[in-house]
Amino acid sequence: MGEPALTPPLFAIFSDLIEKACGVHYDAGDRPILESKLSTHATELGFDSLLDYYYRLRYDDPGAVELHKLVEAILVHETYFFREYRQLVQLCDHYLTDLVRTRGRARVWSAACSTGEEPFTLAMLLEERGLLDHVEIVASDVSSDTIVRAKAGLHGKRALRDGHPPEVASRYLDAGAAGYAVVPRIRDAVKFATINLLDDASVRKLGRFDAILCRNVLIYFHDAQILKVLERLARSLEPGGLIAVGVSESLLRFGTSLVCEERGNAFFYRSGA
Ligand SMILES: C[S@@+](CC[C@H](N)C(=O)[O-])C[C@H]1O[C@@H](n2cnc3c(N)ncnc32)[C@H](O)[C@@H]1O
């Protein structure tokens with residue numbers, strides 16, 4: 001017997017369920033991608049019909065345990081150390097340095113941190129500048145699996161790629177046969193949590209930040225959802241605070257209160273409030 005098929009009506013109900021759970025949006029053209037992920041996952045769970053699996057998720061899933069597993073199975077966690085590095089350098093040199101000098105401290109949130117390479121890179125850059133003890137770094141992801149891996153600070157070989165600054169990397173990453181271990185000083189500088197960007201109450205509990213990294217996650221969301229997340233993030237910014245998105249994720253088409261601003265040679269979105 002082949003893998004269970006995702007017919008157009010099943011695609012409609014599953015994509016709706018997934019979008020409501022974590023924001024990830026599938027267009028009709030993405031049906032084969034979702035079918036492949038869903039049918040592999042449902043088959044592993046012993047379902048030979050995706051409709052039966054859907055019923056299980058909707059009507060027999062106390063605590064949304066199975067839905068959580070499905071979300072874990074479909075998310076894309078691609079990340080690596082020093083990704084879009086220049087933007088983080090500019091954030092340190094054209095914002096955080098001044099803030100620490102004038103105010104003595106700053107708070108940064110890496111809001112979709114995957115396995116932690118992004119906040120660890122920021123911690124390395126801050127340590128290089130003598131700022132690490134003055135900047136609180138909070139990092140979160142909707143995926144509790146990635147947060148467990150991030151807390152361990154152990155990363156595979158693909159976590160460090162061409163184009164990284166070798167002298168910085170070698171100071172803070174211990175290379176071994178299986179990959180890299182983040183040195184304790186950097187690992188312990190990041191506070192990790194499992195947080196869904198769709199969950200207003202959990203986001204509010206984190207308090208306000210001077211800068212929020214929300215990179216390479218909004219590309220998976222539909223425009224209406226992006227706007228809601230941006231409003232939520234804007235509310236989590238201190239007045240004048242900055243949001244950094246991925247280089248391929250311009251927010252200019254959205255009419256938000258955020259002001260696009262170039263600092264150094266990188267783009268940020270500043271809270272107008
Ligand atoms: C491609 S990774 C990007 C990681 C990192 N920011 C970077 O740029 O390398 C996208 C991450 O967004 C997370 N994500 C997806 N939907 C989310 C949501 N609703 N709330 C929080 N994180 C989410 C995924 O679990 C994944 O780890």
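Hydrogens, waters and symmetry mates play no part in the numbers below; they use all other heavy atoms, side chains included. First listed ligand is number 1; within each ligand, the first listed atom is number 1.
- Within the listing of ligand 1, atoms 5 (C), 6 (N), 7 (C), 8 (O) sit less than 4.0 angstrom from a heavy atom of E118.
- Classified by interplanar angle (parallel below 30°, tilted 30° to 60°, perpendicular above 60°), the ring pair Y85/F82 is perpendicular.
- Not one N or O of Y220 is nearer than 3.5 Å to an N or O of ligand 1, by distance alone.
- When only modelled atom types and interatomic distance are considered, Y53 and E66 share no side-chain donor-acceptor pair under 3.5 Å.
- Looking from atom 9 (O) of ligand 1 to the surrounding protein, the closest heavy atom is T79 OG1, 2.6 Å.
- Looking at D145 and K69, no side-chain N of the basic residue comes within less than 4.0 Å of a carboxylate O on the acidic one, giving no salt bridge.
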* To do: Could you go through the salt bridge (charged side-chain N to carboxylate O under 4.0 Å, His left out) check for R232 and D199 one step at a time?
  => CA-CA 9 Å; R232 197 164 293 133; D199 180 353; over 6 Å; no
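- Remark: minimum distance from atom 16 (N) of ligand 1 to any protein heavy atom is reached at C22 O, 3.6 Å.
- Here the protein heavy atom with the shortest distance to atom 1 (C) of ligand 1 is E78 O, 3.2 Å.
- Protein heavy atom in closest approach to atom 14 (N) of ligand 1: V217 CG2, 3.6 Å.
- The option from V229, V142, V76, V71 that lies nearest to atom 26 (C) of ligand 1, judged by heavy atoms, is V76.
- Of the charged side-chain nitrogens involved, none lies within less than 4.0 Å of a carboxylate oxygen, so that R83 and E117 do not count as a salt-bridged pair.
- Of the listed residues (T194, N196, D141), the one carrying the non-hydrogen atom nearest atom 13 (C) of ligand 1 is D141.
- Contact annotation for F81 and ligand 1: no heavy atom of the residue comes within less than 4.0 Å of the ligand.
- When each atom of ligand 1 is checked for a heavy atom of S114 under 4.0 Å away, the hits are 4 (C), 27 (O).
- Of the charged side-chain nitrogens involved, at least one lies within less than 4.0 Å of a carboxylate oxygen, so that D200 and R235 count as a salt-bridged pair.
- No heavy atom of G23 sits closer than 4.0 Å to any atom of ligand 1.
- With hydrogens and angles left out, the side-chain atoms of Q225 and H25 include no donor and acceptor closer than 3.5 Å.
- Given atom 5 (C) of ligand 1, the protein heavy atom at minimum distance is A112 O, 3.4 Å.
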* Audit row: D52, R56, salt bridge (charged side-chain N to carboxylate O under 4.0 Å, His left out) steps and yes/no -> CA-CA 6 Å; D52 289 349; R56 171 72 196 277; over 6 Å; no
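- Ring centroid separation for the pair H164 and F81 does not come in under the 6.0 Å cut-off.
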* To do: Please assess E19 against K228 for the test salt bridge (charged side-chain N to carboxylate O under 4.0 Å, His left out), listing each intermediate value before the final yes or no.
  => CA-CA 13 Å; E19 188 158 8; K228 282 190 202 158; over 6 Å; no
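- Ion pair E127/R171 not flagged as a salt bridge, since none of the NZ, NE, NH1 or NH2 atoms sits closer than 4.0 Å to an Asp/Glu carboxylate oxygen.
- Remark: side-chain polar atoms of R263 are paired, donor with acceptor, to backbone N or O of H94 under 3.5 angstrom.
- Close approach to F221 involves these atoms of ligand 1, each under 4.0 Å from a residue heavy atom: 16 (N), 19 (N).
- Contact annotation: for L197 versus ligand 1, heavy atoms closer than 4.0 Å belong to both the backbone and the side chain.
- Not close to ligand 1: T146, with no non-hydrogen atom less than 4.0 angstrom away.
- Ligand 1 has no N or O atom lying under 3.5 Å from any N or O atom of L75, backbone or side chain.
- Looking at R215 against ligand 1, both its backbone and its side chain come within 4.0 Å, counting heavy atoms.
- Heavy-atom distances between I195 and ligand 1 reach below 4.0 Å in at least one pair.
- Atom 8 (O) of ligand 1 has N216 ND2, 2.8 Å as its closest protein atom, hydrogens excluded (heavy atom only).
- Looking from atom 7 (C) of ligand 1 to the surrounding protein, the closest heavy atom is R83 NH1, 3.3 Å.
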